[in-house]
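Reading through the structure tokens given below for one structure.
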Amino acid sequence: MWQVIGQTRAVSLLQRSLEAGSLAHAYLFIGPAHVGKMTLALNLAQALNCETAEPPCGQCASCQKIAATKHADVQIIGLSSNEASAEAKLRVEISIDQIRQVQHSANLPPFEGRYKVFIIDGAELLSIEAANCLLKTLEEPVGKVIFILLATNERLLPATVVSRCQRVELLPMPVNEVETALNRNWGVESKKAELLAKLSRGHLGWAVSATTDDGLLQQRTEWLNRLHDIINADCEERFAYAAQLAAQFSQNRGLVQERLDLWLGWWRDLLLVKVGSTGDITNIDRLDTFSDMTRSYSLAQIRAFIHSIQAAGDQLRQNASPRLVLEVLMLSIPEVEKHSEEKSTVNLR
Ligand SMILES: [Zn+2]
């Protein structure tokens with residue numbers, strides 16, 4: 001039984017190759033964060049080393065060791081390695097030394113299983129030297145050695161590396177399937193399962209983490225509250241917020257993009273409530289806020305601001321000045337239409 005949920009196409013491709021004995025020497029699993037790339041990679045490693053007639057069984061000693069990442073022949077290479085050295089903690093890319101160790105290990109026969117499997121987590125973080133070193137290994141495949149590269153964006157990888165790998169794409173699941181999986185496989189009660197599934201946008205791994213890590217939902221609450229405050233804040237406070245985000249951007253781009261995505265989701269929900277499609281909103285626990293807010297903004301205002309958030313996201317990705325982009329975004333926050341209700345009353349008369 002493959003444990004990965006909702007990736008039928010990828011699983012059947014790998015299953016067919018296993019049965020036909022036509023596995024590639026290197027795979028590239030491409031997909032957004034938390035979509036199931038690592039789970040699928042560990043599943044493939046299990047399938048290759050399982051001791052039963054129906055691999056991956058998930059039960060035998062080999063499968064269990066691999067699931068616990070304690071199998072001697074299945075190695076995970078990435079930024080968060082087990083090394084405790086100060087150098088390892090400061091690492092921002094996968095170094096050539098890490099890949100040299102892989103090369104050395106790949107030349108030794110399997111220690112306890114049938115196949116050696118090297119999983120490179122976050123392959124886009126390979127330094128140029130490390131990628132070139134890996135390329136040599138991929139060009140001269142050794143029997144019983146499989147490489148699995150995990151990446152969210154293949155354009156950040158050298159084309160020479162990509163061309164040596166069989167590409168397997170993992171897509172987000174339909175939200176209702178995430179909800180069912182949370183309910184059935186993780187015993188999450190239905191209301192919470194619905195909220196987490198919607199917030200996950202089909203990334204099951206995120207939803208599963210959020211069932212045990214309250215911090216994820218807490219952070220979302222804090223961010224949403226802050227965004228709500230900013231909508232009602234004066235210009236000075238908005239600019240201070242833009243400066244704060246811009247400073248964060250230089251240290252952690254992903255975190256700022258995540259906030260913009262959250263904001264985008266918020267205004268999209270407001271638009272949906274405004275046009276009466278309440279059932280389609282993502283932030284279902286904030287429905288009351290949206291219902292209150294719809295009276296303050298016209299449809300055109302909401303649409304225009306959604307475009308502004310999208311444009312800000314695009315500009316940040318294209319390396320525009322974060323301070324400038326975020327300040328312009330703050331200036332685009334729509335003004336509350338104080339008279340919208342009066343106007344509609346007048347119109348009715
Ligand atoms: Zn097994």
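This one's a predicted model, so the numbers in the text were calculated from it and none came from an experiment. Each ligand, and each atom within it, is numbered from 1 in the order the structure gives.
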Can you tell me if Thr152 and Glu124 form a side-chain donor-acceptor pair at under 3.5 Å?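 There is such a pair (donor and acceptor under 3.5 Å, judged by atom type) between the side chains of Thr152 and Glu124.
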
With no hydrogens and no angle check, is any side-chain donor or acceptor of Glu112 less than 3.5 Å from a backbone partner on Asp73?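 Checked: no pair found.
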
Report yes or no: does Asn43 contribute a side-chain atom to a donor-acceptor pair with the main-chain N or O of Val4 at less than 3.5 Å?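 Answer holds: yes.
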
Where at least one partner belongs to residues 252-271, residue pairs that pass side-chain hydrogen bond (donor to acceptor under 3.5 Å, both in side chains), sequence neighbours excluded: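 For residues 252-271: Arg253-Asn319, Gln257-Arg317, Asp269-Asn283.
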
Where at least one partner belongs to residues 34-44, residue pairs that pass salt bridge (Lys or Arg N to Asp or Glu O under 4.0 Å), sequence neighbours excluded: none

Where at least one partner belongs to residues 206-230, residue pairs that pass salt bridge (Lys or Arg N to Asp or Glu O under 4.0 Å), sequence neighbours excluded: Arg220-Asp285, Arg226-Glu237

Less than 2.8 Å from the Zn ion (ligand 1) is the window; count the protein N, O or S atoms in it. 4

